[in-house]
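Take a look at the structure set out below.
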Amino acid sequence: MHKNKIWLSAPHMGGSELKYIQEAFDSNWIAPVGSNIDCFEHHLEKYLGSGHVAALNSGTAAIHLGLILLGVQAGDAVICQSITFSASANPILYLGATPIFIDSEPETWNLCPIALEEAIVDRMAKGKKPKAIIAVHLYGVPYKVDAIRALADKYSIPILEDSAEALGSSYKGQPCGTFGDIGIFSFNGSKIITTSGGGALVAHSKKLKEKAIFLATQARDAAPYYQHSEIGYNYRMSNISAGIGRGQMEVLDYHISLRRNVHEFYVELFAAIDGVTVFKVPNATYFSNCWLTTILINPFETHGITRETLRLALEAANIESRPLWKPMHLQPVFCNYPYYGNHIAETLFNNGLCLPSGSNMTPEDCNCIKSVILKLFEK
């Protein structure tokens, strides 16, 4: 057993985070306002090359506000990728709307264009055109951007681009987070960079960003007293959290390179093991931050070794791994909502495993993981 647990994706500090946190203390801006927030938003906007960023207290808050900005209301239908974390879908229900879940395609594991169009046409035939599409860049791999955009434009349905896992990923050289009508990021403890808890909304206009911030700060009207004409939320990022984010932005590209090195470690490790496939981008037009390296295990080719066999072997050695996201249409809370597809997401979930992928993994960590895997597959 490894003496210290090897985590799936542990936070990795760059060194200057404390300096910016101290600035918040020294200036006494221990609040959801201050220079760290402004600087963090500016750094993100510069990194993305376009868009207007509003820093929020979670990626979930960003999705919730994004749906509101796209006009989603109670009774509306919202299309959502099925294989994703529940935070992609929960805000649909916050608004009293109906989630419509869509299967994956096998190349990127993301929103299937064929099933997407089938769902749109069918919902329109039933008299309810979907109000928005939530498309996810799963595990940092961009979805089929051109195909999904073509369908969104064909049927005039806006896209909320869930880039929670994809900061630093790109498609045809354009950064993820800039393809949707609204984009979002997450900065929780396991993400490519972290602000402890946090997220961001990416808008295409300053006016829309200002509207997001207005809603995120309790929708206070311009008045000398507290007046509210709309429902607001307490969703703004704190100045302290944004200070962590400023330090993390300084090491983002370096940490991406480290995660991509971990990915290559697994590619080499499994190259000679039959029945195990490392998930990777389809071609050079896709660039992944390799947030998590994931694999598919075919037990018919591994002499009965399943994803659960490997997960338990790693767990016994004090190494964390996890099955892929359980598809939303299989979740008890969502199982009665519509689903379109050919059950590819289910197959991925049944056979897929996320492996430790942190940018702070050491050579010792990699050797420990390697020894467990080789011992298991040599049986």
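Just the heavy atoms: all of them, side chains too, but no hydrogens, waters or symmetry mates, feed the values below.
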For the pair Leu330 and Cys335, evaluate side-chain contact (heavy atoms from CB on, under 4.5 Å) and give the outcome as yes or no after the intermediate values. CA-CA 5 Å; Leu330 300 179; Cys335 65; over 6 Å; no
Can you list the steps and then say if Lys154 with Glu117 is a salt bridge (charged side-chain N to carboxylate O under 4.0 Å, His left out)? CA-CA 10 Å; Lys154 178 179 179 180; Glu117 184 161 30; 2.8 Å; yes
Val276 vs Phe377, side-chain contact (heavy atoms from CB on, under 4.5 Å): CA-CA, chis, key distance, verdict: CA-CA 10 Å; Val276 180; Phe377 284 94; 3.8 Å; yes
Run the side-chain contact (heavy atoms from CB on, under 4.5 Å) check on Ile30 and Asn239 step by step: do they pass? CA-CA 6 Å; Ile30 314 299; Asn239 199 42; over 6 Å; no
Quick one: do Arg322 and Glu320 satisfy salt bridge (charged side-chain N to carboxylate O under 4.0 Å, His left out)? Show the steps, please. CA-CA 7 Å; Arg322 291 184 188 173; Glu320 183 184 26; 3.0 Å; yes
Does the pair Asp274 and His303 meet the rule for a side-chain contact (heavy atoms from CB on, under 4.5 Å), with working shown? CA-CA 10 Å; Asp274 293 335; His303 305 290; over 6 Å; no
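No more than 12 heavy atoms of other residues, nucleotides or ligands sit less than 6.0 Å from atom CD1 of Ile114. The neighbour count for Lys280 NZ, taken as heavy atoms of other residues, nucleotides or ligands under 6.0 Å away, does not exceed 12. Within 6.0 Å of atom CG in Asp221, more than 12 heavy atoms from other residues, nucleotides or ligands are found, so the atom counts as buried in its surroundings.
Closest heavy-atom contact between Ile134 and Ser88: CD1-O, 3.4 Å. Nearest heavy atoms, Ser186 versus Lys191: O-CG, 3.5 Å. Nearest heavy-atom pair, Gly14 versus Val251, reported as atom, atom and distance to 0.1 Å: CA-CG1, 3.9 Å. Residues Val53 and Glu41 approach most closely at O-CD, 3.3 Å, considering heavy atoms. Minimum heavy-atom separation, Ile184 to Gly59: CD1-O, 4.0 Å. Among all heavy-atom pairs drawn from Leu324 and Tyr139, the shortest one is CA-OH, 3.3 Å.
For Ser82 (side chain) and Pro327 (main-chain N/O), no donor-acceptor pair under 3.5 Å exists by modelled atom type. The main-chain N or O of Ile193 is never found under 3.5 Å from a side-chain atom of Gln248 such that the two would form a donor-acceptor pair. Asn188 places no side-chain N or O within 3.5 Å of a backbone atom of Gly197 that could act as its donor or acceptor partner. Side-chain atoms of Trp291 come within 3.5 Å of backbone atoms of Ser190 as a donor-acceptor pair (strictly under, hydrogens ignored).
For the ring pair (Phe, Tyr, Trp, His ring centres under 6.0 Å) test, no residue two or more places apart in sequence or in another chain qualifies with His43. Judged as a ring pair (Phe, Tyr, Trp, His ring centres under 6.0 Å), and not counting sequence neighbours, the contacts of Phe85 are Trp325. Checked against side chain to side chain donor-acceptor pair (under 3.5 Å), Thr195 has no partners two or more places apart in sequence or in another chain. Judged as a ring pair (Phe, Tyr, Trp, His ring centres under 6.0 Å), and not counting sequence neighbours, His52 has no contacts. When the side chain to side chain donor-acceptor pair (under 3.5 Å) test is applied to Ser16, the partners found at least two apart in sequence or on another chain are Glu250. Phe334 meets the ring pair (Phe, Tyr, Trp, His ring centres under 6.0 Å) test with Phe101; sequence neighbours excluded. With sequence neighbours excluded, no residue forms a side chain to side chain donor-acceptor pair (under 3.5 Å) with His228. Checked against side chain to side chain contact (heavy atoms under 4.5 Å, CB included), Phe279 has the following partners two or more places apart in sequence or in another chain: Trp109, Val141, Thr294.
In this structure, Arg307 is positioned above the aromatic face of Phe349, its NZ or CZ under 6.0 Å from the six-membered ring centre and within 45° of the axis.
When the options Ile37, Asn57, Leu215 are evaluated for a side-chain contact (heavy atoms from CB on, under 4.5 Å) with Arg236, the one that passes is Ile37.
Under 4.0 Å is where a charged nitrogen must lie from a carboxylate oxygen, and between Glu118 and Arg123 no such pair does. In summary, Arg311 and Glu315 engage in a salt bridge, as defined by a charged side-chain N under 4.0 Å from a carboxylate O. Glu23 has a carboxylate O that lies under 4.0 Å from a charged side-chain N of Arg246, or vice versa, which qualifies the two as a salt bridge. Using a 4.0 Å cut-off between charged side-chain N and carboxylate O, Lys209 and Glu45 make a salt bridge. Salt bridge present: Asp181 and Arg149 bring a charged side-chain N and a carboxylate O closer than 4.0 Å.
Side-chain contact check for Asn234 and Gln218: no donor-acceptor pair (N or O, by modelled atom type) lies under 3.5 Å. A donor and an acceptor atom, one from each side chain of His12 and Ser359, are located under 3.5 Å apart. In this model, no donor atom of one side chain and acceptor atom of the other lie less than 3.5 Å apart for Asp103 and Tyr340.
The closest side-chain heavy-atom distance from Val202 to Glu161 is not below 4.5 Å. Here the side chains of Ser169 and His137 are not in contact, with every heavy-atom distance at 4.5 Å or above. The closest side-chain heavy-atom distance from His255 to Asn360 is not below 4.5 Å. Looking at Ile148 and Pro113, their side chains come closer than 4.5 Å, going by heavy atoms from C-beta outward. At least one side-chain heavy atom of Ser104 sits under 4.5 Å from a side-chain heavy atom of Ile83. Taking 4.5 Å as the limit, every side-chain heavy atom of Ile295 sits out of range of all side-chain heavy atoms of Thr277. Within the 4.5 Å cutoff, the side chain of Asp146 has heavy atoms near those of the Lys172 side chain. Inter-residue side-chain proximity for Ile297 and Leu310 is flagged as met; some heavy-atom pair is nearer than 4.5 Å.
Each ring pair (Phe, Tyr, Trp, His ring centres under 6.0 Å) pair with one or both residues in residues 180-215, not counting sequence neighbours, appears once here: Phe40-Phe187. Every pair passing ring pair (Phe, Tyr, Trp, His ring centres under 6.0 Å) that includes a residue from residues 144-182 is listed here, sequence neighbours excluded: Tyr171-Tyr286.
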Taking distance alone, no hydrogens or angles, what donor-acceptor pairs closer than 3.5 Å link side-chain atoms of residues 350-357 to residues at least two apart or in another chain?
{"from": "Asn350", "atom 1": "ND2", "to": "Glu346", "atom 2": "O", "distance (Å)": "3.2"}
{"from": "Asn351", "atom 1": "ND2", "to": "Thr347", "atom 2": "O", "distance (Å)": "3.0"}
{"from": "Ser357", "atom 1": "OG", "to": "Thr293", "atom 2": "N", "distance (Å)": "2.8"}
{"from": "Ser357", "atom 1": "OG", "to": "Leu355", "atom 2": "O", "distance (Å)": "2.6"}

For a quick test of your reading: what N or O donor-acceptor pairs under 3.5 Å do the side chains of residues 62-73 make, sequence neighbours left out?
{"from": "His64", "atom 1": "ND1", "to": "Tyr235", "atom 2": "OH", "distance (Å)": "2.8"}

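Put simply, SG on Cys112 and NZ on Lys144 are 7.5 Å apart, with the number rounded to the nearest 0.5 Å. The distance from the CG atom of Asn261 to the CD atom of Glu264 is 8.0 Å, given to the nearest 0.5 Å.
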